[in-house]
Amino acid sequence: MRDLAAGMRYLGKGQRWVARHGRWWGFGLIPALIALVLYAALLTVLALWSGDIAAWATPFADDWGSPWQGLLRGVFVALLFAGGLTLSVLTFTAVTLLIGDPFYESLSEKVEESEGYCPPSPDRPLWREIGIALRDSVHVLLRAAGFGILLFALGFVPFLGQTVVPAVGFCVSGFFLTVELTSVALQRRDIPVRERLRLLRGRKALAVGFGTPVVLLFLIPFVAVVLMPGAVAGATLLVRDLVADEEQPPAPDRDAAATGHDPAAGAAYGAPGAPYGQPGAPYVQPGAAGGFGAAPAPCPANQGQSQAPQQYPRPQSGPGSSAARPPAAR
């Protein structure tokens, strides 16, 4: 229950962040508005053709009398539209993130900068970043579709299909929506999609607590557009705490590297810029809030020499972008 409540708090924190940074909220609305127009057109077409699709899918009911034919096809239309709406909720975030990859990358970086430290993005061209995001989204969507088909079939079970199955469906949708929203910050850390799923499966209640309220709110017309920038900001804050435990070495090595008594640990954790989970990842000093509150500790081999502050180049994109500057300690 603690993780469930914590996930809900991250959603609130993200909305408060964009409320304090109005320009970035408006900046994040652009791709969501484009995706909204696209999905509204698709759902309108589905609603107009749902009766014909139901008649085509249930030819065995052509000779049924009233009211059984109408009842069967009415249930089919309702389930079809509900499935389309659920699929829209699941894919809306993925499509919006694909459309707005540069937008949300800049927004996520700004959130991390405001928290004290933003890990540098992998040095890849934009087209490759979009390709990776598309591949990862398809991977997540296929997993979500498997659960969706199973839940769709269980929806025909009397009583359970009208009570338990919808509740489970919202929780499953919330989990996968969290996977999509956290992909911006996790992809910047060069964490592959299977590792992202492992991280979030280890904290299922946290992921469900964050994503399920978003799913429910996204069912309200136009709310998804308004909340999308805050959802990305909240997911970024969630990732900072989620990955902090994974990135920090065990306490003895951490203390030794900080005091210079363990040159091997210092060498392993002192070099910034290494990919997640590999030697050379930035060392995080003990007591740093969120795991990124302090600059990487110097390698013991270089102690005693004067060192210039570590510079972290940032791409200047989006409104209010700041020039490169060293990470601020909190």
Side-chain angles (χ1 to χ4, degrees), residues 1-15 32 35 39 82-98 104 108 133-155 160-161 163-187 189 191-220 223-224 227-228 230-246 276:
M1 289 299 294
R2 182 179 301 175
D3 265 1
L4 199 66
M8 297 178 185
R9 285 197 297 271
Y10 278 116
L11 179 59
K13 288 178 182 179
Q15 300 304 325
Y39 275 92
L85 194 60
T86 301
L87 187 63
S88 298
V89 171
L90 285 173
T91 59
F92 179 86
T93 303
V95 172
T96 304
L97 290 174
L98 285 174
Y104 293 130
S108 180
L134 178 60
R135 181 197 64 196
D136 293 348
S137 295
V138 170
H139 180 89
V140 173
L141 181 60
L142 289 176
R143 286 175 174 262
F147 283 97
I149 293 171
L150 175 62
L151 292 171
F152 181 82
L154 291 175
L160 289 179
T163 54
V164 177
V165 172
V168 174
F170 281 122
C171 292
V172 171
S173 300
F175 176 85
F176 284 107
L177 190 60
T178 301
V179 174
E180 289 289 352
L181 288 168
T182 54
S183 65
V184 177
L186 290 174
Q187 186 174 325
R189 289 165 171 81
I191 301 178
V193 64
R194 287 181 174 83
E195 181 68 8
R196 298 174 209 167
L197 288 165
R198 184 193 70 80
L199 284 171
L200 290 169
R201 280 199 303 265
R203 303 284 298 276
K204 287 188 185 72
L206 182 68
V208 170
F210 179 83
T212 303
V214 179
V215 171
L216 294 173
L217 290 170
F218 277 17
L219 294 176
I220 305 172
V223 169
L227 295 184
M228 190 63 182
V232 173
T236 302
L237 296 172
L238 184 151
V239 165
R240 290 176 63 84
D241 288 347
L242 180 69
V243 178
D245 295 337
E246 295 280 333
Y276 169 85

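Predicted, not measured: the structure shown is a model, and the values here were computed from it.
Considering OH of Tyr10 and CG of Leu181, their distance stands at 15.0 Å, rounded to 0.5 Å. Atom CG of residue Leu238 and atom CG of residue Leu200 lie 7.5 Å apart, to the nearest 0.5 angstrom. Taking CZ of Phe210 as the reference point, atom CZ of Phe175 lies at 13.5 Å (rounded to 0.5 Å). Note that CZ of Arg2 and CG of Leu206 are 12.5 Å apart. Values are rounded to the nearest 0.5 Å. With rounding to the nearest 0.5 Å, the separation of OG1 in Thr236 from CG in Leu186 is 9.0 Å. Of the inter-residue distances, the one linking Met8 atom CE with Asp3 atom CG reads 11.5 Å to the nearest 0.5 angstrom.
Side-chain atoms of Arg196 never come within 3.5 Å of backbone atoms of Thr182 as a donor-acceptor pair (strictly under, hydrogens ignored). Using a distance-only test at 3.5 Å, with no hydrogens or angles considered, a donor-acceptor pair links the side chain of Thr178 to the main chain of Gly211. In terms of modelled atom types and a separation under 3.5 Å, the side chain of Ser108 and the main chain of Tyr104 share no donor-acceptor contact. Looking at Arg203, its side chain never comes within 3.5 Å of a backbone N or O of Leu199 through a donor-acceptor pair.
For residues 139-148, every residue pair satisfying the side-chain hydrogen bond (donor to acceptor under 3.5 Å, both in side chains) rule, not counting sequence neighbours, is listed here: His139-Arg143.
Closest non-hydrogen pair, Val208 versus Cys171, comes out as CG2-O, 3.9 Å. Across every non-hydrogen atom of Thr96 and Ala35, the tightest pair is OG1-CB, 3.3 Å. When all heavy atoms of Met228 and Ala32 are compared, the pair lying nearest together is CB-CB, 4.1 Å. For the pair Leu227 and Gln15, the tightest heavy-atom approach, listed with the atom from each and the gap, is O-NE2, 3.2 Å.
Residues satisfying the ring pair (Phe, Tyr, Trp, His ring centres under 6.0 Å) test with Phe170, not counting sequence neighbours, are none.
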